[in-house]
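Counting begins at 1 with the first residue of the sequence. Ligands are counted one by one from 1 in listed order, and the atoms in each one are counted from 1 as well. Below, all heavy atoms of this structure are taken into account, side chains as well, without hydrogens, waters or symmetry copies.
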Amino acid sequence: MSFDLATKESSWWVITLLAFVGSNNILDQYVILSVVLVILSLAFLSWACSPGGLAWRNGRNKYGSLPIPGPRGLPIFGSLFTLSFGLAHRSLAAIASNKNAKQLMAFSLGSTPVVVSSDPQVARDILNSPHFADRPLKQSAKSLAFSRAIGFAPNGTYWRLLRRIASSHLFAPRRIAAHEAGRQLDCAAMLRNIAADQSVNGTVSLRKHLQAAALNNIMGSVFGKRYEAAEIGSEELRELKEMVREGFDLLGAFNWSDFLPWLSCFYDPFRIVSRCEALVPRVRKMVQGIIQEHKLERESGIKVSDEADFVDVLLSLDGDEKLNEDDMIAVLWEMIFRGTDTTALLTEWIMTELVLHPEVQAKLREELDRVVGNRGITDSDIEKLPYLEAIVKEALRVHPPGPLLSWARLSTADVQLKNGMVIPANTTAMVNMWAITHDAHVWDDPFEFKPERLLTAEGHVEVDVRGSDLRLAPFGAGRRVCPGKNLGMLTVSLWVAKLVHHFRWTEDKANPVNLTEVLKLSSEMKFPLFVVAEQRNL
Ligand code: HEM
């Protein structure tokens, strides 16, 4: 009823306007022109007087004792152009610095109000607030059914159940430890393939080896499936890689319709909708097939042990924890595409820094030889290697894989910050982790790669990267912190240790290192690393 009234109330001017348009009277036409001009001027004024742009009109940025500053951007589009081209984290860091808005900056993406923080204290307030435990749902995530996966499920009973399953089953320390044999297997295959590549080509393009190992590793943990050397060129593996790549592209693509919904009717340059529609049934078919195989094995009486893969774990859940098949597909598929490129791309950045800093590489090799000798490196060695830890953490600082923490948050209520600002409900919030880790007020010489900065006088690393110290929180923080952080850190540390233990790495002079980055779902090297890998006699 109230809707009808509102419609009638607001439609009077349309009828009046139509009557005027139909009129031949010069005076009437003059009135129309004046009305249109007044509307346009009001719209312009409203935009011009709203720091943060149109989505922040009506003083939305002034709910607290301290207003939130920000750029107006363009009418209608706001700051969409800033974010959709180039490196958003760098552009936002520069604007925040110019506008004196490092603590918090308001801006508009179309009609969406957004804030971004480049300050550890405010970032902590945002990420740890219970009112920021939701995420805005991108069209691609919705179309790919990811609203039922951990990363995009809205804060509520279902999401809390998924987080509980993740911490007590999927990523429980005993389960991570139980998958060591698989990690060793994938790593050994990677080292063999690198040696073969080097001897055939005289150079190694590292990324493809890291991605293959990452995919095998995550396929092993999630589906209990690994691809042997003979299957490398198989149709099944090609199809799987293609699906992971497509999911990654679709979720990473900057989709203007997420911020200007009316645009989706006639402008979809990346064909997000049709590509999602094509991908979903392919993923479903593959994952359903794997679930079916597991069900058959279970019927034949195989019990779920710690070495069990994620499918077995999800099938073994009972009572309140039991998931239906569609939800299982969403959760499992999310793990595959999240766990693959993050680890591979971070390792590529680390190896790049080690090639550019031979003295750091030599020092790490010396630590490995001293602590491990010439036997194989195991998971339990990793915590005895502080210089390795410093290298991995310093690389996470210089090249955070998600410079804007990949996934934004959404406020479900007005959030009062300690600095006096208030972020209104329904605001998208981002943390510019790259800006924090490159802020000279937070880190000395922030653009320099210096693992030594993280070592105490006793040779330990005290900086925590798992969300308690917001000066370096590449896995996010708070309730939605990355559940795969321990697995990610362990996998990357083991790979780097083994790569440096087995080979000496130098720059391939024909393909010099190029540090240009490109921001997709993760920040990756625009030009993949080519290196010369000289095998050591261990
Ligand atoms: C170097 C490796 C990785 C990095 C840098 C990374 C980074 C991140 C970041 C920044 C977030 C958002 C956190 C927040 O909003 O506070 C996130 C969320 C997430 N990550 Fe990771 N991640 C990595 C590896 C992994 C792995 C290996 C998995 C699983 C196999 C994984 C699964 C997830 C999931 C499911 C979420 C969503 C959590 C939620 O919304 O509740 N990540 N990750």
**Q** Atom CG in Leu354, atom CH2 in Trp505: separation rounded to 0.5 Å?
**A** 10.0 Å
**Q** Select one of side chain, backbone, both or neither to describe which atoms of Arg135 lie under 4.0 Å from any atom of ligand 1, heavy atoms only.
**A**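 Side chain only.
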**Q** State, without any angle test, whether Arg466 and Asn486 hold a side-chain donor-acceptor pair at a distance under 3.5 Å.
**A** yes
**Q** Side chains of Leu396 and Pro401: does their closest heavy-atom pair fall under 4.5 Å?
**A** yes
**Q** Find all atoms of ligand 1 within a distance of less than 4.0 Å from any non-hydrogen atom belonging to Trp159, and give their numbers and elements.
**A** 41 (O)
**Q** For atom 1 (C) of ligand 1, grab the closest protein heavy atom and report residue, atom and distance to one decimal in Å.
**A**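 Here the closest protein heavy atom is Leu346 CD2, 3.7 Å.
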**Q** For atom 21 (Fe) of ligand 1, which protein N/O/S atoms fall under 2.8 Å? Skip waters.
**A** Cys482 SG
**Q** When you measure from atom 16 (O) of ligand 1 to every protein heavy atom, which one gives the shortest distance, and what is it?
**A** Arg409 NH2, 2.7 Å
**Q** Atoms of ligand 1 less than 4.0 Å from Pro401 heavy atoms?
**A** 5 (C)
**Q** Considering non-hydrogen atoms only, spot the tightest contact between Cys276 and Ser143 and give its length.
**A**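 Heavy-atom minimum between the residues: CB-CB, 3.5 Å.
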**Q** Look at atom 10 (C) of ligand 1 and say which protein heavy atom is nearest, naming residue and atom and giving the distance to 0.1 Å.
**A**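 Result: Pro474 O, 3.2 Å.
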**Q** Just heavy atoms, cut-off under 4.0 Å: does Arg479 contact ligand 1 by side chain, backbone, both, or neither?
**A** neither
**Q** Side chain to side chain donor-acceptor pair (under 3.5 Å) between His179 and Gln184: does it pass, once the steps are laid out?
**A** CA-CA 9 Å; His179 284 172; Gln184 291 284 350; over 6 Å; no
**Q** Is it true that Phe107 and Trp56 have ring centroids separated by less than 6.0 Å?
**A**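 No - the distance between ring centres of Phe107 and Trp56 does not fall below the 6.0 Å cut-off.
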**Q** For Met335, take its heavy atoms, then give the atoms of ligand 1 lying under 4.0 Å from any of them.
**A**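 Here the atoms of ligand 1 in question are 29 (C), 30 (C).
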**Q** Is it the side chain, the backbone, both or neither of Ala477 that has a heavy atom closer than 4.0 Å to ligand 1?
**A** backbone
**Q** Starting from atom 41 (O) of ligand 1, locate the nearest protein heavy atom and write down its residue, its atom name and how far away it is, to 0.1 Å.
**A** Arg163 NH1, 2.8 Å
**Q** Do Asp119 and Gln103 have a side chain donor and acceptor closer than 3.5 Å?
**A**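 There is no such pair between these side chains.
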**Q** Tell me the protein heavy atom at minimum distance from atom 30 (C) of ligand 1, and give that distance in Å.
**A** Ile218 CD1, 3.7 Å
**Q** Does Glu348 use its side chain to pair, donor to acceptor, with the backbone of Leu529 at less than 3.5 Å?
**A**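 It does hold such a pair.
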**Q** Classify the ring geometry of His357 against Phe449: parallel below 30°, tilted from 30° to 60°, perpendicular beyond 60°.
**A** tilted
**Q** To which protein heavy atom is atom 29 (C) of ligand 1 closest, and what is the distance rounded to 0.1 Å?
**A**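 Closest protein heavy atom to atom 29 (C) of ligand 1: Phe171 CZ, 3.5 Å.
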**Q** Provide the number and element of each atom of ligand 1 under 4.0 Å from a heavy atom of Glu334.
**A**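 Contacts of ligand 1 toward Glu334, numbered from 1: 35 (C).
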**Q** Cation over ring, Arg471 on Trp443, under 6.0 Å and within 45°?
**A**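 Arg471 over Trp443 ring: yes.
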**Q** For the residue pair His438 and Trp434, categorise the inter-ring angle as parallel (less than 30°), tilted (30 to 60°) or perpendicular (more than 60°).
**A**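 The arrangement is parallel - the two ring planes meet at less than 30°.
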**Q** Check whether Lys138 reaches the backbone of Leu251 with its side chain - one donor and one acceptor, N or O, closer than 3.5 Å.
**A**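 Checked: pair present.
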**Q** Please state which part of Ile150 comes within less than 4.0 Å of ligand 1, counting heavy atoms only: side chain, backbone, both or neither.
**A** both
**Q** Does the side chain of Met430 reach to within under 4.5 Å of the side chain of Leu83, using non-hydrogen atoms?
**A** yes
**Q** Report yes if the side chains of Asp134 and Arg480 come closer than 4.5 Å at any heavy-atom pair, otherwise no.
**A** yes
**Q** Tell me the protein heavy atom at minimum distance from atom 13 (C) of ligand 1, and give that distance in Å.
**A** Arg480 O, 3.3 Å
**Q** Under a 4.0 Å heavy-atom limit, does Met489 contact ligand 1 with its side chain, its backbone, both, or neither?
**A** neither
**Q** Backbone, side chain, both or neither: what part of Phe152 comes under 4.0 angstrom of ligand 1, heavy atoms only?
**A** neither
